[in-house]
Amino acid sequence: MSPDTVTRFLFEGLDIRGALVHLGPSWQSLQRGRGYGPVEARLLGEMAAVTVLIAAQLKQPGRLTFQLRGGGPISLLVMDCDEQLRLRGMARAVANLAPAPVPQLLGADQGGQLMLNLDFPVARQPYQSFVPLEGDSIASIFEHYLEQSEQQAARLFLAASDQAACCLFLQKLPGADALDPDGWDRISHLAATVKEAELLELDAATLLGRLFHEEILQGEQSGKGVRLYDPRPVTHHCPEDREKVEGMLLSLGREEAEAVLAEHGEILVKDDICNREYRFSKEDVARLFASKPLH
């Protein structure tokens, strides 16, 4: 099994589509050096898988960012992904976090919300939307979001460990009831039997065959089985970008930069989402403003 992929599929005789997201090395790379505990890591992994799923639907160059923010012990989960399925993200949580219900962890009753930011280079400004956190899991929160935004029933089944993060997605398309009034209920019921180990370990073809064996056989007999599309690769992408930080310092201005230097002895810029620090000495700042003066 390719360890970092999105594989779409379609039940042709039922007008039900779906996808399987499996993140392995990309998820491990995203966590590396962060010191996340198992509670916040599991929720961040589930959010990574569902963010990749939704980003895979982008039809043009752009970047999709989701934030789960609230007043709970996990104060922030951020995940973003572009149309090339290059992923990055982070969590902010109290130390030594004990397991608890997801709404409590996220502070759903303390102003908790899901924020979507969709940024296309051709657009004048990013599109943003904010919705309250509704649901008792990451899966149900995003099911609610998908059903509200796309007006179609959807199911999500998520799993995350320290090695992998996965998502099984199903969506009822407009023609489903006309083709088979009971089809969506049958497929949803069968999908709900999926085990966490199956999600984390099986490739798309094997998983679909295990969950929907009879449905696939009946579909093939009528010439309308399950169409499995080619998988798309996913990567964790957080390259160093010192030039961008230098641009930020230049826009700050020499006077402000020198004031920070006078107070702290250096300028330290933290990139939390990529887990990097950029340090600038007095000599670095002098050289920067001498070589790239603002006009």
Side-chain angles (χ1 to χ4, degrees), residues 1-27 46-64 66 79 81-87 118 139 142-143 145-147 149-160 164-176 178-180 183-184 186-188 190-194 198-237:
M1 177 176 62
S2 183
D4 291 280
T5 54
V6 180
T7 306
R8 297 188 302 117
F9 57 87
L10 175 68
F11 289 91
E12 295 181 300
L14 299 174
D15 212 20
I16 295 171
R17 70 168 181 160
L20 179 68
V21 177
H22 190 282
L23 308 179
S26 61
W27 166 233
E46 292 178 352
M47 188 168 167
V50 75
T51 300
V52 168
L53 166 79
I54 297 172
Q57 300 180 48
L58 293 175
K59 305 299 184 185
Q60 59 181 301
R63 181 168 293 279
L64 173 74
F66 282 112
M79 197 60 60
C81 191
D82 65 12
E83 85 288 348
Q84 297 180 53
L85 303 185
R86 298 183 298 187
L87 181 71
L118 189 55
F142 276 91
E143 281 178 358
Y145 163 77
L146 287 168
E147 290 179 7
S149 63
E150 300 187 11
Q151 301 298 305
Q152 299 291 338
R155 295 298 310 274
L156 290 168
F157 304 90
L158 306 177
C166 303
C167 168
L168 174 64
F169 164 70
L170 294 168
Q171 187 173 51
K172 181 182 180 182
L173 297 175
L179 288 172
D180 187 334
W184 174 249
R186 291 198 314 274
I187 294 297
S188 298
L190 291 169
T193 66
V194 70
E198 292 174 325
L199 273 177
L200 293 172
E201 297 169 8
L202 299 181
D203 62 83
T206 304
L207 182 65
L208 294 179
R210 184 171 295 186
L211 292 176
F212 310 112
H213 180 70
E214 292 298 326
E215 291 288 339
I216 292 172
L217 281 180
Q218 291 179 18
E220 289 175 346
Q221 289 170 2
S222 64
K224 293 185 177 181
V226 174
R227 182 188 304 176
L228 201 61
Y229 296 88
D230 291 338
R232 294 182 59 194
V234 183
T235 57
H236 173 232
H237 186 72

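Just so you know, these numbers use all the heavy atoms, side chains as well, and skip hydrogens, waters and symmetry mates. Everything quoted here is computed from the prediction, not taken from an experiment.
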Value for CG (Leu156) from CG (Leu53), rounded to nearest 0.5 Å, stands at 6.5 Å
So do the side chains of Phe212 and Ile187 get within less than 4.5 Å of each other, counting heavy atoms only?
yes
Whether the side chain of His22 engages the backbone of Val6 through a donor-acceptor N/O pair (distance < 3.5 Å, no angle test) should be reported.
no
Heavy-atom side-chain proximity of Asp180 to Arg186 below 4.5 angstrom
yes
Quick one: list whatever passes side chain to side chain contact (heavy atoms under 4.5 Å, CB included) with Arg210, sequence neighbours left out.
Glu198, Leu202
Side chain to side chain, Val226 and Leu10, heavy atoms closer than 4.5 Å
no
Partner residues of Arg8 under the side-chain hydrogen bond (donor to acceptor under 3.5 Å, both in side chains) criterion, sequence neighbours left out
none
Quick one: ring-ring contact (aromatic ring centres under 6.0 Å, His included) partners of Phe169, sequence neighbours excluded?
none
Please step through side chain to side chain contact (heavy atoms under 4.5 Å, CB included) for the pair Arg155 and Glu143, ending with a clear verdict.
CA-CA 6 Å; Arg155 295 298 310 274; Glu143 281 178 358; 3.2 Å; yes
Spacing of NE2 belonging to His213 relative to CG belonging to Leu190, to within rounding of 0.5 Å
12.0 Å
Measure the CG-CZ distance between Leu170 and Phe9 for me, rounded to the nearest 0.5 Å.
5.0 Å
Spacing of Glu201 atom CD and Cys166 atom SG [to the nearest 0.5 Å]:
9.5 Å
Can you name the side chain to side chain contact (heavy atoms under 4.5 Å, CB included) partners of Gln221, sequence neighbours left out?
none
Using the test side-chain hydrogen bond (donor to acceptor under 3.5 Å, both in side chains), find all partners of Ser149 that sit at least two apart in sequence or belong to another chain.
none
Partners passing side chain to side chain contact (heavy atoms under 4.5 Å, CB included) against Pro25 (at least two apart in sequence or in another chain)
Pro3, Asp4
Can you sort out the partners of Arg227 under salt bridge (charged side-chain N to carboxylate O under 4.0 Å, His left out), two or more places apart, ordered by chain and number?
Glu12
Met79/Leu87 under side chain to side chain contact (heavy atoms under 4.5 Å, CB included): CA gap, chis, key distance, verdict:
CA-CA 7 Å; Met79 197 60 60; Leu87 181 71; 3.6 Å; yes
Of all residues at least two apart in sequence or in a different chain, which pass the side chain to side chain contact (heavy atoms under 4.5 Å, CB included) check with Gln57?
Arg17, Glu150
Can you find a pair of side-chain heavy atoms, one from Leu173 and one from Leu14, that are under 4.5 Å apart?
no
If only atom types and distance count, is the side chain of Ser222 paired as donor or acceptor with the main-chain N or O of Gly219 below 3.5 Å?
yes
Taking C-beta and beyond as the side chain, do Thr235 and Ser26 meet within less than 4.5 Å on heavy atoms?
no
So which heavy atom on Leu85 is nearest to which on Ala55, and how close?
CD2-C, 4.0 Å
Quick check: do Leu211 and Leu207 have side-chain heavy atoms less than 4.5 Å from each other?
yes
What's the separation between atom CD in Gln151 and atom CD in Glu147, rounded to the nearest 0.5 Å?
9.5 Å
Quick check: do Thr5 and Asp203 have side-chain heavy atoms less than 4.5 Å from each other?
no
With sequence neighbours left out, write down each residue that passes ring-ring contact (aromatic ring centres under 6.0 Å, His included) with Phe157, or none if nothing qualifies.
none
How close do Met47 and Phe66 get, counting heavy atoms only, and between which atoms?
CE-O, 3.2 Å
Under the side-chain hydrogen bond (donor to acceptor under 3.5 Å, both in side chains) test, residues paired with Asp82 that sit two or more places apart
Arg86
